[in-house]
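Notes follow the structure.
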Amino acid sequence: MKESPVAHTLQFPDGFHWGAATAAHQIEGNNINSDWWPREHAAGTSIVEPSGDAADSYHRYAEDMRLLKDAGLDTYRFSIEWARIEPEKGFVSRAEIDHYRRMVDTALELGITPMVTLMHFTVPRWFADEGMWRAADATDRFARYVETALPVLGDDVHWVCTINEPNIAAMIAGGEDPANLVAYGLPAPDLAVADTLLDCHHRAQEILSGVGGIRSGWTIATQAFQAEPGCEDVKHAYGYPRDDWYLEMSRGDDWVGVQAYTRTIIGPDGPRQVPDGVETTLTGWEYYPPAMAEGVRSAWELTGGVPVFVTENGIATGDDPRRIDYTEAALAELHAAIADGITVEGYLHWSLLDNYEWASGYRPTFGLIGWDKETFERRPKPSLAWLGEQAKANALTVR
Ligand code: NOJ
C-alpha cells in the first residue's frame, strides 16, 4: 500500500520577515506625471491597456496594509513615486512627501515593518524627456531626488531598496518594447545605462548611510538561467550582464534583494521558448517554483555572502489554490537554502494586490487580494490567509 504523505513543518529563523510587495505605478492609479503614462496612451503601442485608476491604492493604502497585518504578515514593501514627488524638474511637492510619510506612519502604527523602494521602473516624464538614464546629469538628478525623499524615511524606516531590478530598468532605458520586457524577452541591455544605475545606487547608499539605522540594498531580477549541455558559453553571453553582473556589484551591500518567478533555458541559439507540454501561468512563463531559491543560491555565491532578502516571488494565476501550491513549493526550497547556511532575511510575496502588470495590463493576476473593478472593494483570496498562517507560525506546513 502506498503511504499517504504526512504534513510536516519547516521552521524559519527567528526574526524572519514575512510580507508582501507592491509598486506605486502598479497599484496607486493616475500616475500622470510618470514616463509610463504617455507611453500607455500612445498610439501603436504594444501595451495592452493603460493603468488608469489601478487599484486606487493611493487612497486605500491604509485598508490594504490592515488586510496584510490582519492576515498575520509583518512586512510591506512599497515604492514611492519620484514622478509625484518631483512632477516638474526642480519642483518638489511637499504634499506628496507628506503623503508617503503618512504611509510609513500607517505601517508603523499597525506594527508593520516598511521596506521602501525609491525607484520601481517609473521616473518623471521630464526626466525621461531629457534622456533618462542616458542624460549626463542622470546620477545627480537621482541623488537630488533621494535627498528630497529623506523626510519620508525619517529615522524609523530601516529597509530601503534604492532601485528595483536595475537589470530590467537598463533594458527599458534601451528603448526596448515593454512587451518583451514583461515576458522577460532578452534584448541586449544598455551597458552604459547599467553603469549609471550602479552609480545611482552608490550615490543613494552614500546619502542613506547618513541616516541612522537604514540598511540599503537593491533588488535583482534573477531568472534561473539554465544552460543545456554544451551551451555554457551561450549562457554566459546571455545571462551575465542581466543578473550575475549586478549580483557581483552588490558585494559589500547591507543586503541584496532576489526576485524570481520562472526559469529561462539557454540552448545553442540563445534563450528558448517554453517547451510544449509545460504548465504555464498567465504571464506565459513556465510554472517553476524552484526559480526563487536558485536565485537566492546564486546571489549568495556571487555576492560572497551578502544577506539575501526575497523581495518578490509569486505567480500570475486565476487559480488561487495553484498560487498556494507554487508558494509552498518555493518556500520549501527557500528553507533548504537556509538550512545550507545561506542568510535570508525574509520572504515578500508578489503581490499584495492584483495590479497593473506593465505592458500586459490587468490580466495577469499576481495578488493575494483581488478587488472589484467598479467599486475597488477588496477581496482577499484564500492565499492571503494561507501565507498569514505560515507567517504567524514562522514555519511552513508542507502538505
Ligand atoms: C518584477 C517587477 O519588479 C514587478 O514590477 C513585476 O510586476 C513582477 N516582476 C512580475 O512581473
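Computed from a prediction, not measured in an experiment: that's the story for all the values here. Whatever order the structure lists them in is the order used to number ligands and atoms, beginning at 1.
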Task: Numbering as shown, the atoms of ligand 1 that approach His120 to under 4.0 Å (heavy-atom distance) - done: 2 (C), 3 (O), 4 (C), 5 (O)
TODO: Find all atoms of ligand 1 within a distance of less than 4.0 Å from any non-hydrogen atom belonging to Glu357, and give their numbers and elements.
DONE: 6 (C), 7 (O), 10 (C), 11 (O)
- [ ] Step by step, work out the ring pair (Phe, Tyr, Trp, His ring centres under 6.0 Å) result for His335 and Phe16.
- [x] CA-CA 11 Å; His335 186 273; Phe16 190 80; 9.3 Å; no
For residues 107-120, which side-chain N or O atoms pair as donor and acceptor with protein atoms under 3.5 Å away, sequence neighbours left out?
from	atom 1	to	atom 2	distance (Å)
Thr117	OG1	Arg77	NE	3.0
Thr117	OG1	Arg77	NH2	3.3
His120	NE2	Asn164	ND2	3.1

Open item on the list: Suppose the criterion is side-chain hydrogen bond (donor to acceptor under 3.5 Å, both in side chains): which pairs have a residue in residues 140-155, not counting sequence neighbours?
Closed with: Asp140-Arg203
TODO: Please confirm whether Arg322 makes a cation-pi placement over Tyr287, using NZ or CZ under 6.0 Å from the six-membered ring centre and within 45° of the ring normal.
DONE: yes
Open item on the list: Can you name the atoms of ligand 1, numbered from 1 with element, that are less than 4.0 Å from a heavy atom of Gln259?
Closed with: 3 (O)
Open item on the list: Once you measure the plane-to-plane angle for Trp82 and Phe142, does it fall in the parallel (<30°), tilted (30-60°) or perpendicular (>60°) bin?
Closed with: perpendicular
- [ ] Decide whether an N or O pair under 3.5 Å exists between Trp285 and ligand 1.
- [x] no
- [ ] Using a strict 4.0 Å cut-off to heavy atoms of Glu312, name the atoms of ligand 1 that fall inside it.
- [x] 1 (C), 2 (C), 3 (O), 4 (C), 8 (C), 9 (N)
Task: For Phe366, the ligand 1 atoms whose distance to one of its heavy atoms is below 4.0 Å - done: 10 (C)
Task: Within 45° cone of Trp300 ring axis and under 6.0 Å: Arg297 NZ or CZ - done: no
Task: Region of Ile168 engaging ligand 1 - heavy atom pairs below 4.0 Å - done: neither
